[in-house]
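Written out below as structure tokens is the structure these notes cover.
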Amino acid sequence: MKVSSFLRVLAVFGLALSPGLGLAEWNLNFKPTNTILGHDIEMLHNWIMWIILGISIVVFGAMFYSILKHRKALGHKASHFHENTTVEIIWTIVPVVILIGMAIPATKVLLAARDTSAPDITIKATGYQWKWGYDYLDEGVKFYSSLSTPRDQINGLAEKGETYLLEVDRPVVVPVGKKVRILTTANDVIHSWFVPGLSVKQDAIPGFIRDTWFKAEETGTFRGQCTELCGKEHGFMPIVVEVVTEEEYKTWVAAQLAESGAPSFDANKTYTVAELVSAGEQVYNTNCVACHQPGGVGMPPTFPAIKGGKIATGPIGDHIDIILNGSKKNPMMAAWGSQLTDMDIAAVITYQRSGINDLGEAIQPGDVATARGI
Amino acid sequence: MEAVHDHDHHQPAGLMRYVTTTNHKDIGSMYLWFSFVMFLMGGVMALVIRAELFQPGLQVVQPEFFNQMTTLHGLIMVFGAIMPAFVGFANWQIPMMIGAPDMAFPRMNNWSFWLLPPAGILLAGSLLAPGGAGGVGWTLYAPLTVQQGMGMDMMIFSIHILGMSSIMGSINIVTTILNLRAPGMTMMKMPLFVWTWLITAYLLIAAMPVLAGAVTMTLTDRHFGTHFFNAAGGGDPVMYQHIFWFFGHPEVYIIAIPAFGVISEVIPTFSRKPLFGYASMVYATASIAILSFLVWAHHMYTVGMPVEAQLYYMFATMLIAVPTGVKVFNWIATMWKGSMSFETPMLFAQGFLFLFTIGGFTGLVLALTPVDIQLHDGYYVVAHFHYVMVAGALFAAFAGVYYWLPKWIGRMYDERLGKIHFWLSIIFFNVTFFVQHFLGLAGMPRRIPDYALQFADWNMVSSIGAFGFGFSQIFFLYILLKAIKSGEKAPEKPWDGATTLEWTHLPTPAPYHSFETPPNLKD
């Protein structure tokens with residue numbers, strides 16, 4: 001069978017099985033980029049590929065000519081030369097010259113890529129296991145951004161959507177044509193902030209701040225992923241950047257500030273168990289379900305069960321403590337005190353105790369505030 | 001074998017023969033079989049990975065088990081399969097190629113092999129520990145390693161043991177080469193395979209302790225309250241990466257350089273023409289080895305180094321292309337105007353030459369910092385290093401096995417089956433890994449168990465290729481067993497172009513004790 005027809009058979013076979021039939025892309029090169037720097041990187045890559053093509057033709061040409069012509073089966077007699085200093089010098093010098101021709105444009109692009117000075121907007125991106133936190137340093141907007149693809153799609157119980165695994169509950173919003181500087185850091189292990197359409201990738205390292213930048217040329221939605229192995233949900237912490245017009249951006253910032261100014265819950269109110277359980281279920285599905293699993297069955301021993309679990313059925317003080325401050329024994333259990341509001345924590349604890357388990361208890365936001373010691 | 005040597009057999013029979021043996025040939029065979037078992041084990045893990053990646057969604061395994069598979073696949077293939085395989089070649093071939101009776105330290109040789117099975121059991125057994133093996137990638141980056149369960153500690157101890165074995169093996173190889181050469185076998189007359197192993201052994205002695213240090217620091221960070229890699233305690237997670245890659249980059253050449261050595265024996269033999277530019281091959285190998293210690297941070301272009309450091313690592317990395325290019329040109333010049341024939345060893349050598357050069361090209365693309373930042377930790381990198389490790393090191397090992405098998409066992413393999421093995425391997429290899437370049441360019445990160453729908457097509461192709469490649473290696477096992485059991489008796493010199501001592505001065509199969517009196521090679 002010829003190679004081309006073999007590939008065609010493979011392709012047909014693949015398409016027949018592929019669930020994303022219409023979405024299969026057979027992509028061969030870089031994704032289209034939306035920044036000038038990205039275009040420069042693409043041009044650099046193309047330039048290198050042309051050089052490589054040239055070298056390949058010469059090197060593989062000589063190799064295959066020799067394979068075809070200098071065969072014993074054709075009666076070719078072996079020569080006995082085995083040294084030639086001139087040739088050796090030539091094929092040392094020529095590659096050096098070619099390499100210089102690659103290094104010069106690469107240096108130019110690199111210097112531009114690393115110039116993070118004079119940004120219009122600075123956003124701090126913090127990697128968590130397993131979501132991103134964003135902090136607009138000048139505007140004061142702050143939020144967390146988690147995967148919004150339902151678990152059922154991942155487990156094959158529902159049809160996968162078009163943006164499967166590349167969708168979040170709250171995207172990063174930036175204005176078009178502005179230099180956006182991204183500061184990266186992390187809360188637990190190393191993550192990496194990667195958006196191919198904007199040609200940026202920067203590791204997020206706990207305890208250190210690094211930076212990168214981009215300037216989007218057109219509006220649109222750009223999707224990327226964490227690219228540094230950060231534990232079991234590494235494949236499930238996407239990044240979505242929405243590039244909008246300047247006016248839309250201003251409206252968005254104002255809306256965010258208004259929302260964060262007015263808390264969505266009343267700290268002094270006494271909520272019913274049912275209210276807390278339903279609010280808590282949402283918090284659980286965004287933050288806890290990856291490890292503790294739907295229904296709280298867990299994955300012992302690393303991720304203990306909540307259903308019938310020692311903490312979720314034990315003294316309430318210990319339960320609030322482990323969620324606020326994390327576990328001292330198990331490094332996988334993070335401290336959620338800084339990421340969740342009192343209401344979220346009260347709700348998720350109530351959900352765990354009275355939804356997953358059936359203790360029938362309601363924990364109020366005020367109880368959490370007391371435990372925080374404020 | 002008994003007919004050739006009926007004296008001086010004080011060794012026990014059966015299994016105890018292998019436990020107590022100090023014979024370089026027995027030990028070489030054990031190394032090769034051990035590495036083949038580990039190769040199959042690592043291969044099964046690769047197929048678990050590719051089965052999960054066959055389609056988007058989670059079908060076969062859960063994410064944490066997937067991470068354990070990628071981690072163990074990497075560690076087992078690097079430390080359990082490829083490295084011991086080439087030590088096996090070194091054991092069999094170095095004494096025969098320099099006219100020595102055995103390795104310089106035969107008892108230490110036994111010890112360096114027998115450290116491997118416990119290390120392999122610890123490594124694979126970590127899967128059975130509570131919480132499973134470490135799911136951290138073969139690079140074992142801190143601080144993710146600190147979060148893992150007991151399996152991580154088993155992996156760390158396994159690496160310690162493997163490191164000890166490698167260092168002892170290397171000391172043995174260096175001493176053997178420097179002290180046990182036959183009269184007249186001057187350094188610049190040594191076969192290139194011997195030269196490449198001399199250089200590799202020095203690399204191992206320099207690099208393995210660094211890895212041992214890195215994993216020991218991880219161990220104390222995990223259990224003894226140190227903060228080497230914990231910023232909150234004054235440490236630095238990136239320091240781990242610097243230490244790891246100071247070992248890790250030379251490691252790449254620890255794997256590649258002995259492969260260069262095998263290829264430099266096979267190509268002249270089947271071209272019936274001496275190796276072109278012997279001296280420049282030696283110098284190029286040595287320069288690659290030295291440069292390999294100066295480029296480690298090109299694995300870390302995205303950690304946020306100063307731009308000056310990135311420029312230095314980019315230029316230094318590109319420089320490696322020069323000696324590597326010299327080697328490729330020398331091999332082609334060796335073939336040029338030769339009288340070539342294409343038995344299985346030569347086919348694998350040609351496959352090596354073609355695909356390793358492609359791996360070199362993608363290495364050049366990745367050397368360029370701005371391009372690498374886009375491709376870093378993605379499938380382009382996965383494709384690149386599999387071209388170097390599989391089509392490079394593994395194909396060279398296949399070439400070596402087919403080339404020396406008649407000398408080792410006195411029987412021929414089935415030439416037709418060998419050729420089929422080659423064609424299956426090279427086709428399925430490319431189906432598996434060539435398409436991964438496209439996935440990397442499109443932005444697919446490595447080490448993810450599930451992916452967006454845009455990556456579905458090439459992943460499916462790659463998985464099909466991987467299963468094909470895996471089954472081709474079961475076929476290789478069949479070819480080997482068939483040759484050992486019922487292969488045709490090998491002629492004294494099956495390869496008419498061979499010029500090294502094991503072919504010119506020893507009978508086939510090689511006697512259990514060879515060169516008890518050294519051959520005199522003085523002209």
Side-chain angles (χ1 to χ4, degrees), chain A residues 10 14 18 20 23-31 41 44-45 48 52 62-63 66 70-72 76-79 82 88 91-92 95-96 99 103 106 109-110 113-114 154-156 164-166 189-190 192 196 201-203 205-207 210 225 227-229 231-232 234-235 301-302 331-332, chain B residues 56-58 63-64 67 130-131 137 141 143-144 147 231-232 237-238 272-274 276-277 280 302-304 307 310-311 315 318 321-322 325-326 329 332 335-341 361 365 368-371 373-374 376-377 438 441-443 445 447-450 452-454 456-457 460-461:
Chain A
L10 266 185
S18 172
L23 299 162
E25 289 185 0
W26 303 105
N27 194 78
L28 297 178
N29 207 333
F30 275 125
K31 298 281 284 178
I41 293 169
L44 177 65
H45 180 253
I48 304 311
I52 287 175
M63 179 179 160
S66 172
H70 306 147
R71 300 171 81 103
K72 192 185 175 203
H76 195 273
K77 294 271 178 289
S79 310
H82 58 87
E88 300 262 1
W91 70 40
T92 308
V96 172
L99 288 173
V109 176
L110 179 62
R114 290 301 304 275
I154 296 169
N155 293 325
Y164 176 69
L165 294 190
L166 297 178
V189 299
I190 303 176
S192 189
K201 181 184 289 156
Q202 186 64 50
D203 287 1
I205 298 160
R210 307 292 197 216
Q225 282 176 274
T227 45
E228 181 63 60
L229 179 60
K232 84 185 192 58
H234 164 53
T302 316
M332 293 308 296
Chain B
L58 295 177
E64 66 275 24
N67 289 346
Y141 275 9
L144 188 58
Q147 292 182 341
V238 178
R272 295 167 181 80
K273 192 166 155 280
F276 186 87
S280 78
T302 61
V303 299
V307 69
Q310 288 183 326
L311 285 173
F315 299 146
M318 292 172 80
V322 177
V326 165
F329 301 144
I332 294 175
M335 289 152 55
W336 191 259
K337 291 192 187 268
S339 174
M340 281 192 278
S341 57
F361 286 146
V365 172
L368 304 173
T369 315
V371 181
I373 290 174
Q374 301 308 310
H376 176 84
D377 250 318
F438 306 142
L441 286 164
R447 296 169 172 165
I448 54 172
D450 192 5
L453 301 183
Q454 55 175 321
D457 34 32
M460 189 171 279
V461 174

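Values reported hereafter were calculated over all heavy atoms of this structure, with side chains retained and with hydrogens, waters and symmetry mates removed. Letters A, B, ... mirror the listed sequences (proteins, then strands); counts begin at 1.
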Quiz prompt | Under 4.5 Å from a heavy atom of chain B, the part of A:Ala62 involved | solution = both
Practice problem: Using non-hydrogen atoms and a 4.5 Å limit, figure out which bit of A:Ile205 sits close to chain B: side chain, backbone, both or neither. | Solution: side chain
Quiz item: Would you say the side-chain atoms of A:Lys232 pair up with the backbone N or O of B:Asn67, donor to acceptor, closer than 3.5 Å?
Solution: no
Quiz item: Within the distance-only criterion (no hydrogens, no angle test), does the side chain of B:Ser339 pair as donor or acceptor with the backbone N or O of A:Arg71 below 3.5 angstrom?
Solution: no
Quiz item: So, does B:Lys273 use its side chain to make a donor-acceptor pair with the main chain of A:Ala78 at under 3.5 Å?
Solution: no
Practice problem: For chain B, find which of A:Gly235, A:Pro196, A:Ser192, A:Ser79 contributes the most heavy-atom pairs closer than 4.5 angstrom. | Solution: A:Ser79
Quiz item: CD1/B:Ile373 to NZ/A:Lys201 distance, rounded to the nearest 0.5 angstrom?
Solution: 8.5 Å
Quiz item: Taking B:Pro274, B:Gly131, B:Ser341 one by one, which has the highest count of heavy-atom pairs under 4.5 Å against chain A?
Solution: B:Pro274
Quiz prompt | Structural part of A:Leu99 lying under 4.5 Å from a heavy atom of chain B | solution = both
Self-check item: Region of A:Lys77 in contact with chain B, defined by heavy-atom distances below 4.5 Å
Solution: backbone
Quiz item: So which of B:Gly325, B:Gly137, B:Ser280 has the biggest tally of heavy-atom pairs under 4.5 Å with chain A?
Solution: B:Ser280
Quiz prompt | Best-contacting candidate, B:Ile448, B:Val238, B:Thr302, against chain A by heavy atom pairs under 4.5 angstrom | solution = B:Thr302
Exercise. Please determine, among B:Pro63, B:Pro370, B:Gly277, B:Ala231, the option with the most heavy-atom pairs under 4.5 Å with chain A.
Key: B:Pro370
Self-check item: Shortest non-hydrogen separation from A:Leu165 to B:Ala452 and the atoms involved
Solution: CD1-N, 4.4 Å
Quiz prompt | For the student: nearest non-hydrogen atoms of A:Glu228 and B:His376, plus distance | solution = OE1-NE2, 4.3 Å
Self-check item: Donor-acceptor contact present, side-chain A:His76 to main-chain B:Gly338, <3.5 Å
Solution: yes
Quiz item: Using a cut-off of under 4.5 Å for heavy-atom pairs, which of A:Gly231, A:Ala113, A:Gly207 has the most such pairs with chain B?
Solution: A:Gly231
Quiz item: By side chain to side chain donor-acceptor pair (under 3.5 Å), which residues pair with B:Asp450, not counting sequence neighbours?
Solution: A:Tyr164
Quiz item: Can you tell me how far the CZ atom of B:Phe329 sits from the CE atom of A:Met63, to the nearest 0.5 Å?
Solution: 13.0 Å
Quiz prompt | Check against side chain to side chain contact (heavy atoms under 4.5 Å, CB included), A:His70 and B:Met335 | solution = CA-CA 8 Å; A:His70 306 147; B:Met335 289 152 55; over 6 Å; no
Self-check item: Heavy-atom pair with the smallest gap, counting every atom of B:Arg447 and A:His234
Solution: O-CD2, 3.2 Å
Quiz item: For the atom pair OH (B:Tyr141) and CG (A:Leu229), what is the distance rounded to the nearest 0.5 Å?
Solution: 10.5 Å
Quiz prompt | Region of A:Leu166 that comes under 4.5 Å of a non-hydrogen atom in chain B | solution = side chain
Quiz item: Relative to chain A, which segment of B:Phe315 carries a heavy atom at a distance below 4.5 Å: side chain, backbone, both, or neither?
Solution: side chain
Exercise. Apply side chain to side chain donor-acceptor pair (under 3.5 Å) to B:Glu64 and list each qualifying residue two or more places apart in sequence or on a separate chain.
Key: none
Self-check item: Side chain / backbone / both / neither for A:Gln202 at chain B, heavy atoms under 4.5 Å
Solution: both
Self-check item: Shortest non-hydrogen contact from B:Val322 toward A:Thr92
Solution: CG1-CG2, 3.7 Å
Quiz item: Where on B:Pro130 is there a heavy atom nearer than 4.5 Å to chain A: the side chain, the backbone, both, or neither?
Solution: both
Quiz item: In terms of heavy-atom pairs under 4.5 Å, which option from A:Val109, A:Ile41, A:Leu110 contacts chain B the most?
Solution: A:Leu110
